[in-house]
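Below is one structure, written out as structure tokens, with a few remarks after it.
Position 1 is the first residue of the sequence; numbering continues from there. Just the heavy atoms: all of them, side chains too, but no hydrogens, waters or symmetry mates, feed the values below.
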Amino acid sequence: APSGDQVIWTSIDGALRVLDTAAPSGSFKRVAVSKGALYSCAFHPSGQIVATVGRDGLIHLIDANTWTPLAAPLAVHDDVAYAAVFRPDGQALASIGEDGRLVLWRAEGADPKTATWTPEVLAEDVDPVHDRPGGRAAIAFDPTGRWLASASHAGSIRLWDATTGDARVTAAPASAAPVLALDWNAAGSLLASGDWDGVVRLWEAPDLTPCGEPATDHVGPIHALCFRPDGATLVAGGYERVVRRWAVPGLKPQGAPLGAQIDAAHSVAFDPTGAWIAVAMRNGDIRFWDAATGKRRAVTLPGRTHSEIAFSPDGSTLAAAGFDRCVRLWDVETGNEARAPLEGHGDTVGFVRFAPDGTRIVSASRDFTVRIWDAVSGACLSGPMRGHTYHVPTVVFSRDGTQVASAGKDDTLRIWNGVHGSHIAELTGGHEGWVKTVAYGVDDKVLFSGSFDGTVCLWDTKTWTPIGEPVRDHEGPVYSVAVS
């Protein structure tokens, strides 16, 4: 809160949490807001109201004294709303949604509790970043209230007049990596951006001209940026689980990273014999441990951050899906790359699996597509296989290798031919949230799927219809299903 006496946060259960900073540890208020997940919240500069946005696409305005809704929610987005921020003078609110709309809401009336908020759609093509459940969108008013900055999945940054809503300029870094975070210095003269590749850039307002060279020492996506009040230092944090500091404007590192550089795991896999465990670390390395003794093997596979790893059936090759839009294949014995990376996806490759016979590899990406590759030559045998309208978090081969099943954030599953990739079926109606995981039964007669809505569905693989009602025993998202 502007007064510093409260902290608020949102949750996928549709509730807002309110913590009084003077209250005993762990004591907070739960405020039910929506039936769907909430993704963002913001205090009005006066501290009198709070705005929340989420899966229902609505902007809920809440009285920060009584914690009750103020009139009807603001409705203009056709899909999920990812972020809402107030202009520093409190007379405007900006929101961005899955529908690509950037909206400027102007307050009519001085009292934020009774004001009428009138929307103006500034753009309908500001594509948010699909980097995780709930997505992410970066929008920020400068401290003077003159400018509004927005960033997109395509890597572009736009500057808008925060009063008139007129577009000022668009900047597009050469890398085109999704921009996840924005922050302004106190004077409103410099805008900082952090992207999916871990690159931090400075831009001079109002023309968004690059200011010096970017900082590239961060590993993995950057999710938070903040200028020191005097503007002399910029700090950033993200997947690397440390905070780095740079001098402004040169972006020279200031001291050692803050916090322990913890090697958190993105993915783990046993080799087919069960002798080795491979772990894809947050810092980009892939490391091996003896499954019996727990001793670490000397071989380490370096690289950019990997989201998923999988052994070939014979254990000789490890496939790694990466944030660099590639699938890399490693010789497990030597630690060398077995061949050139498998390139073709237009965004992060989130999942990879070998066919049961080891001849093919299937990959799923945040570019909404699936591809099948020749595991020996590296040639793309099929793809991009299109059909999903949102990113594809998981893809698997059937036990006999003749089919591929993909799970989508568009709440659907799709079935493909496991060799030439032709589309077989689209499975809808089983889940009410994005499908995170999928697995074939032991005889390929049943397909199991788990969803962010907390349900598990069973599907008949001959008719591609649900078997019974969804299993609803989970109280939260289902991230993984496995069949023994």
Checklist entry - Would a distance-only check, ignoring hydrogens and angles, find a side-chain to backbone donor-acceptor pair under 3.5 Å from Ser451 to Gly433? => result yes
Checklist entry - Does Arg386 have any side chain to side chain donor-acceptor pair (under 3.5 Å) partners at least two apart in sequence or in another chain, and if so, which? => result none
Checklist outcome for this item: Correct closest heavy-atom pair for Ala192 and Leu202 would be CB-CD2, 3.8 Å
Next on the checklist: Is the shortest side-chain heavy-atom distance between Arg168 and Leu208 below 4.5 Å?
Outcome noted: no
Item to check | Parallel, tilted or perpendicular: rings of Tyr479 and Phe452 (30°, 60°) | outcome: perpendicular
Item to check | Interatomic distance, Glu204 atom CD to Leu191 atom CG [nearest 0.5 angstrom] | outcome: 11.5 Å
Item to check | Candidate list Asp197, Thr348, Asp195, Leu180, test side-chain contact (heavy atoms from CB on, under 4.5 Å), partner Pro221, passing option | outcome: Leu180
Next on the checklist: Could you go through Thr10 and Val33, starting from their C-alpha distance and side-chain angles, then the distance that decides it, and tell me whether this counts as side chain to side chain contact (heavy atoms under 4.5 Å, CB included)?
Outcome noted: CA-CA 10 Å; Thr10 55; Val33 176; over 6 Å; no
Next on the checklist: Do Leu190 and Cys211 have side chains that approach each other closer than 4.5 Å (heavy atoms only, starting at C-beta)?
Outcome noted: yes
Next on the checklist: Before you tell me yes or no, could you show the steps for Asp367 and Arg371 under salt bridge (charged side-chain N to carboxylate O under 4.0 Å, His left out), namely the whole-Å CA-CA distance, both residues' side-chain angles and the distance that decides it to 0.1 Å?
Outcome noted: CA-CA 11 Å; Asp367 66 4; Arg371 289 176 181 258; 5.2 Å; no
Next on the checklist: I need the Gln48 CD to Asn65 CG distance, nearest 0.5 Å.
Outcome noted: 5.0 Å
Next on the checklist: With heavy-atom distances below 4.5 Å as the criterion, would you say the side chains of Val103 and Leu74 are in contact?
Outcome noted: no
Item to check | Counterpart residues, ring-ring contact (aromatic ring centres under 6.0 Å, His included), relative to Trp9 (two or more places apart) | outcome: Phe28
Checklist outcome for this item: Distance col, row Asn185:CG vs Cys226:SG, nearest 0.5 angstrom, shows 11.5 Å
Checklist entry - For Gln254, does the CD atom have more than 12 heavy-atom neighbours from other residues, nucleotides or ligands under 6.0 Å away? => result yes
Checklist entry - If you round to the nearest 0.5 Å, how far is CZ of Phe351 from NZ of Lys436? => result 7.5 Å
Item to check | Nearest heavy-atom neighbours spanning Asp78 and Arg101 | outcome: OD2-NH2, 3.2 Å
Item to check | Residues in salt bridge (Lys or Arg N to Asp or Glu O under 4.0 Å) contact with Asp79, at least two apart in sequence or another chain | outcome: none
Checklist entry - Could you give all pairs that pass the salt bridge (charged side-chain N to carboxylate O under 4.0 Å, His left out) test and reach residues 108-117, with sequence neighbours left out? => result Asp63-Lys113
Checklist entry - Where do Gly430 and Cys457 come nearest, in terms of heavy atoms and distance? => result O-SG, 3.3 Å
Checklist entry - Nearest 0.5 Å, what's the CZ-CG distance between Arg228 and Leu234? => result 11.0 Å
Item to check | Leu427 side chain reached by Val435 side chain, heavy atoms, under 4.5 Å | outcome: no
Next on the checklist: Give me the atom names and distance for the closest heavy-atom approach of Val53 to Ala83.
Outcome noted: CG2-N, 3.5 Å
Checklist entry - Roughly how far apart are Arg158 CZ and Trp160 CH2, rounded to 0.5 Å? => result 5.0 Å
Next on the checklist: Would you say Asp411 and His431 are linked by a side-chain donor-acceptor pair, where the criterion is simply a distance under 3.5 Å?
Outcome noted: no
Next on the checklist: Atom CZ of residue position Arg106 - does it have more than 12 heavy atoms of other residues, nucleotides or ligands inside 6.0 Å?
Outcome noted: yes
Checklist entry - Sub-3.5 Å donor-acceptor pair from the side chain of Asp207 to the main-chain atoms of Thr209, do we have one? => result no
Checklist entry - Just by distance, with hydrogens left out, do His60 and Thr52 show a side-chain donor and acceptor under 3.5 Å apart? => result no
Item to check | Heavy-atom pair with the smallest gap, counting every atom of Leu225 and Ala236 | outcome: CD2-CB, 3.5 Å
Checklist entry - Tell me, do Arg30 and Asp13 make a side-chain contact under 4.5 Å, heavy atoms counted? => result yes
Checklist entry - Has the side chain of Asp20 got a donor or acceptor atom that lies under 3.5 Å from a matching backbone atom of Gln6? => result no
Checklist entry - Should Ile415 and Leu447 be marked as a side chain to side chain contact (heavy atoms under 4.5 Å, CB included) after you check the CA-CA gap, both sets of side-chain angles, and the distance that decides it? => result CA-CA 10 Å; Ile415 311 300; Leu447 185 72; 3.9 Å; yes
Item to check | Results of side chain to side chain donor-acceptor pair (under 3.5 Å) for Ser480 - residues two or more places apart only | outcome: none
Next on the checklist: For Trp67 and Phe43, take the angle between the two ring planes, folded into 0 to 90°, and tell me which bin it lands in: parallel under 30, tilted 30 to 60, perpendicular over 60.
Outcome noted: perpendicular
Item to check | Beyond-backbone contact of Ile12 with Pro477, side-chain heavy atoms, under 4.5 angstrom | outcome: yes
Item to check | Any Arg353 side-chain heavy atom under 4.5 Å of Val395 side chain | outcome: no
Checklist entry - Counting N and O atoms only, with roles assigned by atom type, does the side chain of Ser365 sit under 3.5 Å from a partner on the main chain of Asp347, one being a donor and the other an acceptor? => result yes
Item to check | Side chain to side chain, Phe368 and Asp410, heavy atoms closer than 4.5 Å | outcome: no
Checklist entry - Can you list the steps and then say if Ile59 with Trp105 is a side chain to side chain contact (heavy atoms under 4.5 Å, CB included)? => result CA-CA 11 Å; Ile59 301 173; Trp105 303 80; 3.4 Å; yes
Checklist outcome for this item: Sorted by chain and number, sequence neighbours left out, salt bridge (Lys or Arg N to Asp or Glu O under 4.0 Å) with Asp161 holds for none
Checklist entry - Checking side chain to side chain contact (heavy atoms under 4.5 Å, CB included) for the pair Leu148/Leu102: CA distance, chi angles, key distance, verdict? => result CA-CA 10 Å; Leu148 171 65; Leu102 175 65; 4.3 Å; yes
Checklist entry - Relative to the ring of His423, is the ring of Trp416 parallel (under 30°), tilted (30 to 60°) or perpendicular (over 60°)? => result perpendicular
Checklist entry - Is the ring centre of His44 less than 6.0 Å from the ring centre of Phe86? => result yes
Checklist entry - Does a sphere of radius 6.0 Å around CD in Glu432 hold more than 12 heavy atoms from other residues, nucleotides or ligands, not counting ones at 6.0 Å or beyond? => result no
Next on the checklist: Please find the pair of heavy atoms, one from Phe141 and one from Trp184, that lie closest to each other, and give the distance.
Outcome noted: O-CD1, 3.3 Å
